[in-house]
Amino acid sequence: MLNLSLQVISGNFPGEIMQLLLIHSDYIEYEVKKSTQVAEAIEDSMKCGRLEDALTVFIAVEKEDEVNPHEVVKKGVSEVEKVAEQVKTSNIMLYPYAHLSANLSSSKVAVQVLTAMEKELSERYFVKRAPFGWYKAFKISCKGHPLSELSRSISVQNKEGVSTVCSAEEKPEVVSEALKAESTAKSYWRILTPEGELHEIEDFDFKGYDNLRKFVDYEIAKKREVERAPPHVELMRRLEIADYEPGSDSGNMRFYPKGRLIKSLLENYVVDESIKVGAMEVETPLMYNMNHPTLKKYLDRFPARQYSIESDKRQLFLRFAACFGQFLINHDMTMSYKNLPLKMIELTRYSFRKEQRGELVGLRRLRAFTMPDMHTLCYDMEQAIAQFDEQYNMCIRILNQIGIEVKDFEVAIRFTRDFYEENKAFITNLARTVNKPVLVEMWDKRFFYFVLKFEFNFVDALAKASALSTVQIDVENAERYDIKFVDVAGAEKRPIILHCSPSGAIERCIYSLLEKEAMKAERGEVPMLPVWLSPTQVRILPVSEKHLEFAKQIADKLHCRVDIDDREDTVGKRIREAGREWVPYVVVIGDKELETGRINVTIREESQANRPKTMEMSPEELDSRIQAQTAGLPFRPIPLAKMLSLRPKFI
RNA sequence: GCCUCUGUGGCUUAGCGGUAUAGCGGCUGAUUCGUAAUCAGCAGGUCGGGGGUUCAAAUCCCCCCGGGGGCUCCA
């Protein structure tokens, strides 16, 4: 599953001119290869050049600029200076880059503008200019801070409500071909109601849809609510689920036994569900050759932030999804239409993405994470849409079982205008399925490899949103990977590919559950994990030593994760401990139980803060209650010593 | 990656120029206990790491590392 979002640059640069792509780079170097017909005459000194710590300005002068080149130079210079000021550099590389525009000016005007800009900037900066009209090879190393990549390419007649969107093509290391300009595309944001109405964001009444409001704010306006650490960070440690590992790279977590258990259950669950809908489980390599012809093309199109490693003389990168491995398998397969739709799933442990340092927090965004990644090869668009619908519903079902209900997430649906025009009823039905308004984003033309995509976004205690489940309809990669099947007529055809992560990253599911419970606790409710995911499902608490033997007998009657708090603390203290660990069922064993054989169970999910709900029942009744609650779900035994007195502390 | 805040025994933390507080946890002993913390004693600290200023640094300055927040970005 690949997920590509957009860098939105709003039209707040009045009277814009030409096309500028500004990159603050550690270095930029170029070398002239060959002249074109429009090449300017140059001296040898201009045939190659290099600048350290430079603001590289890729420029395309456009047809409209011919009207008033003088004004264009003035504004261009001012724009460049503004950015140079911001990134605090005194070196500027002016680099003519025709690919930025589909509507270029004459070469005469272009050279005129470029040299004029060079002259003017030279008064205050150290400027180099790459020659116009030559084929050049260049290498650039982008710094990667927020201001290091800016596109100033806004049309004059910028309509309201329409933002200009530029791709955020970048690579942490050396970038070469990856800079192939993504042209600008328009992005329209709307709210789609279950009734099929499209509302402007400003006109939509968010009353009763607080979470959607937060999601929209986060997605479009980038608003933030509060400034504090997300509550799940404390919880993941206190509950001994996961922790930072300073001995590794940032964003690579350690999981303690309880965390490993939860993760393992979730992993098994998602894979099992995928297999139920017909997916074949596979396993593919973690690292790939960066120079593999197909992968190279792929990387050029999706210049992600990968971890890269060198082994012998090979440049390898760590996978950031399972697409590579599965598509390479698909490429070698012999398939007929009878095999379609064909599903494959891999639980990637791990997928690696070298996210920027400042965006890593707790379990929300990691550099190494576990993601179920399923791909479905479809016969045609009709089948793809049917599958999309099926998987949309599967994702709802899976998240719900994990403990994240429809009310806990917000839906985003993104598509091209063409796709929407042809499939209005289908898309509306997606909103109807969740029976609440959803955020939609529409593009005038296809900008990425997909024509339709949805995500379920969890909105956390701090009003930040992150994507969980997603499905995308990919119309590009069958071609890139040369994947084909034979149709009824015996002809080779390309399948349409669905990318699906049924739950999203497993760590992110845990993060969502913890944040959800933290929000509950803030409201004064009692937090807990779903019973099937609770490391301890039943805790038995003998009042004194003489009740221990009976406690063990009760434990043996329960077919779930039971432990016994045999520590020499008061009952009150041990009760408190069980509560702090969110144990769903707590059983105190004393003289009374010894006599009657019946037990008193504190049921957490029915308790209110400071008002525990207790129920008398037989051990068998408790056992069948838990069996019913966890039926059909993965099970693993308790990951720690049954006797609490024998347990070490991890934190 | 940039800006900014932050880092004291396993955890939470006091101290903010004279080498260190307390609680929890751990250990030992007493207590054998009925639903949110039983009592007492003991052990445990390169004050994130390195460098500098100073007679003297946990405390001031610089660099590095980890973490939080913001920017930005997110396949």
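Proteins come first, then strands; the chains are lettered A, B, ... in the order of their sequence lines, and each starts at number 1. Here the structure is a predicted model, which means the values were calculated and not measured. Basis for what follows: all heavy atoms, side chains included, without hydrogens, waters or symmetry-related copies.
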Let's see if you can work this out: which of [options] has an atom nearest to the side-chain heavy atoms of [X]?
X       : options                : answer
K649(A) : G26(B), G34(B), A36(B) : G26(B)
E568(A) : U31(B), U72(B), G34(B) : U31(B)
E545(A) : U32(B), G69(B), C73(B) : U32(B)
Q356(A) : A37(B), G68(B), U72(B) : U72(B)
V571(A) : A36(B), C33(B), U72(B) : C33(B)
R576(A) : G68(B), C33(B), A36(B) : A36(B)
I575(A) : C73(B), A36(B), G69(B) : A36(B)

Length of the line joining [X]:[atom1] and [N]:[atom2], which is rounded to integer Å:
X       : N      : atom1 : atom2 : value
Y218(A) : C71(B) : OH    : C1'   : 12 Å
E581(A) : G25(B) : CD    : P     : 14 Å
L541(A) : U32(B) : CG    : P     : 18 Å
E577(A) : A36(B) : CD    : P     : 13 Å
I589(A) : U35(B) : CD1   : C1'   : 13 Å
R228(A) : G68(B) : CZ    : P     : 15 Å
Y244(A) : G48(B) : OH    : C1'   : 16 Å
I23(A)  : C73(B) : CD1   : P     : 12 Å

Within the supplied structure, the quantity of interest is the number of heavy atoms (other residues, nucleotides, ligands) at a distance under 6.0 Å from [X] [atom1]; does it exceed 12?
X       : atom1 : result
R611(A) : CZ    : no
E616(A) : CD    : yes
K520(A) : NZ    : yes

Students often get this wrong, so: under 4.0 angstrom with heavy atoms, is [X] touching a base, only sugar-phosphate, or nothing?
X       : value
E355(A) : sugar-phosphate
E593(A) : base
L360(A) : sugar-phosphate
S250(A) : sugar-phosphate
V361(A) : sugar-phosphate
G579(A) : nothing
G362(A) : sugar-phosphate

Could you tell me if the ring centre of [X] sits under 6.0 Å from that of [Y]?
X       : Y       : result
Y511(A) : F369(A) : no
F454(A) : F456(A) : yes
F450(A) : H499(A) : no

- [ ] Ignoring backbone atoms, test whether K573(A) places a side-chain nitrogen or oxygen under 4.0 Å from the OP1 or OP2 oxygen of G25(B).
- [x]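 Checking G25(B) against K573(A), a side-chain N or O does come within under 4.0 Å of OP1 or OP2.
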Task: side-chain N/O K546(A) vs U32(B) OP1/OP2, d < 4.0 Å - done: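 So the side chain of K546(A) is outside the cut-off, no N or O lying under 4.0 Å from OP1 or OP2 of U32(B).
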If the [atom1] atom of [N] is compared with that of [M], how far apart are they to the nearest Å?
N      : M      : atom1 : result
U8(B)  : G68(B) : P     : 14 Å
U54(B) : C62(B) : C1'   : 16 Å
U46(B) : U19(B) : C1'   : 12 Å
G66(B) : A30(B) : C1'   : 43 Å
G51(B) : G69(B) : P     : 32 Å
G10(B) : G44(B) : P     : 12 Å
G7(B)  : C60(B) : P     : 10 Å
U59(B) : U53(B) : C1'   : 13 Å

Task: Salt-bridge contact R238(A)-E517(A) (side-chain N to carboxylate O under 4.0 Å) - done: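 So R238(A) does not pair with E517(A) through a salt bridge.
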Task: Nucleic acid contacts - residues 601-609 of chain A versus RNA chain B, non-hydrogen atoms under 4.0 Å - done: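 Only T602(A) qualify.
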In the structure shown, which nucleotide is the Watson-Crick or G-U wobble counterpart of [N], with both distances under 3.5 Å?
N      : result
C16(B) : none
G7(B)  : C65(B)
C47(B) : none
C2(B)  : G70(B)
C42(B) : G26(B)

Nearest atoms (heavy-atom pairs only) where [X] meets [Y]:
X       : Y       : answer
M290(A) : L316(A) : CE-O, 4.2 Å
L498(A) : F388(A) : CD2-N, 3.5 Å
Q306(A) : L318(A) : CB-O, 4.3 Å
V270(A) : S274(A) : O-OG, 2.8 Å

Task: Residue closer to the 5' end of RNA chain B, P230(A) versus R508(A) (nearest nucleotide) - done: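 In this pair, the answer is P230(A).
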TODO: Identify, between F352(A) and S645(A), the residue whose nearest nucleotide on RNA chain B lies closer to the 5' end.
DONE: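 The residue closer to the strand's 5' end, by nearest nucleotide, is S645(A).
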Open item on the list: Going by the rule ring pair (Phe, Tyr, Trp, His ring centres under 6.0 Å), which residues pair with Y481(A) if we only count those two or more places apart in sequence or in a different chain?
Closed with: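 Partners of Y481(A) by the ring pair (Phe, Tyr, Trp, His ring centres under 6.0 Å) criterion, ordered by chain and then number, come out as Y298(A), F327(A).
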Task: Pair Y449(A)-N477(A), side-chain donor/acceptor within less than 3.5 Å - done: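 Their side chains do not contain a donor-acceptor pair, so the 3.5 Å distance test is not met.
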Task: Base-contact (B) and sugar-phosphate-only (S) positions in nucleotides 4-14 of chain B, heavy-atom cut-off under 4.0 Å, - elsewhere - done: ------S-S--
